[in-house]
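The structure appears right after this line, and notes come after that.
As the structure is a computational prediction, the values presented were derived from the model and not from experiment. Every number for a ligand or one of its atoms is a count from 1 in the order of the listing. Values below: every heavy atom of this structure, side chains too, minus hydrogens, waters and symmetry copies.
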Amino acid sequence: MRLFEATETGSIEIQIGEDLQAKQEELAERNRRFFQERRIRVFDIAGSVGAGKTSLIGEMVERLSPKYKVAVIAGDVATTHDAQRVTGKGATKVLQINTGGMCHLDAGLVARALEQLPESGIDIILIENVGNLICPAYFALGAEARIAVVSASEGAHVIEKHPAMFQSANIVVLNKIDIAEAVNVDLNRPLEDLKALCPDMKVLKTNCLAGEGIDDVLKALEIV
Ligand code: MG
Ligand code: ZN
């Protein structure tokens, strides 16, 4: 984890919590092994509050559940709204983790949620991270891939302001493309920034509310 302190002339990097980071890595690796042994495909969906993570998950569950047993783990500081929104889309199990103030999920919290899942039969787990483009970047959960969801309404500079999050992602979903013009955002800007930051990143454009572009996301994740 890299932490910077702002100074009058710029910023200085502070070295902290390396042993904490090692512990996190170990827990993430344990989750990874758990998933591999059971052949469960697991995706970590991260992004700001309001980017469309829950809508994306709902759409994915709807398409996947006729064929696969899907579980959803929704992380939030408080409330069960997101879990409730996904319930009824066909998921086998929907769990809500309330972090009690913590602004990201970590591998330990996910491991505790896994204890609540059925012993066998789950094919896919979709984990909704806490809405936040900052610290979730530094906490691996043990998922096979991270989907970073970003919406047109987050402004033209959202990518360059949050490089760590996008560098930690395996695919990027650019959501709410239908409202870009209304909020006066030129989508070429975030797309160019992403190209400069992560030249090989797969970027999928979606309108999750209308269900547009979801099949492309599933294809990019190689879930047939
Ligand atoms: Mg949500
Ligand atoms: Zn956090």
Side-chain angles (χ1 to χ4, degrees), residues 1-5 14 16-25 27-28 31 42-62 64 70-91 93-113 124-143 146-154 158 161-169 171-176 179 204 206-211 213-214 217:
M1 180 165 183
R2 297 170 75 199
L3 187 72
F4 295 89
E5 183 181 344
I14 305 167
I16 55 144
E18 275 181 20
D19 51 337
L20 207 96
Q21 199 61 20
K23 177 78 187 156
Q24 282 297 325
E25 271 310 312
L27 289 171
N31 287 350
V42 182
F43 302 96
D44 168 11
I45 293 104
S48 297
V49 174
K53 298 182 298 301
T54 313
S55 301
L56 173 66
I57 288 170
E59 291 294 315
M60 289 173 74
V61 168
E62 231 168 44
L64 294 171
V70 186
V72 176
I73 299 173
D76 268 306
V77 171
T79 79
T80 58
H81 295 309
D82 285 3
Q84 278 157 2
R85 276 177 58 197
V86 175
T87 305
K89 302 276 185 187
K93 186 98 179 168
V94 182
L95 297 169
Q96 179 82 50
I97 298 177
N98 279 153
T99 62
M102 199 164 75
C103 43
H104 55 269
L105 290 183
D106 66 25
L109 283 172
V110 170
R112 265 155 58 196
I124 296 169
I125 301 176
L126 304 176
I127 303 173
E128 178 172 349
N129 219 313
V130 178
N132 173 358
L133 274 178
I134 306 165
C135 47
Y138 302 101
F139 292 87
L141 306 181
R146 169 172 285 157
I147 308 167
V149 185
V150 60
S151 72
S153 57
E154 287 168 67
V158 62
K161 285 179 183 172
H162 305 95
M165 170 53 77
F166 296 98
Q167 282 167 327
S168 79
I171 79 165
V172 172
V173 169
L174 182 54
N175 190 31
K176 306 193 190 180
I179 64 161
L204 293 310
T206 59
N207 172 356
C208 289
L209 275 189
I214 312 296
V217 176

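Minimum heavy-atom separation, H104 to P136: CB-CG, 3.9 Å. Heavy-atom minimum distance, E25 versus A140: OE2-CB, 4.1 Å.
Of the listed residues (V94, T87, D82), just one forms a side chain to side chain contact (heavy atoms under 4.5 Å, CB included) with V72, and that residue is V94.
Side-chain atoms of Q96 come within 3.5 Å of backbone N or O of A74 as a donor-acceptor pair.
Of the angles at the Mg ion (ligand 1), the one spanning OD2 of D82 and OG1 of T54 is 90° when given to 10°. Between the SG atom of C135 and the ND1 atom of H104, the angle taken at the Zn ion (ligand 2) works out to 120° after rounding to 10°.
Per residue E128, closest N, O or S atom to the Mg ion (ligand 1): atom name OE2.
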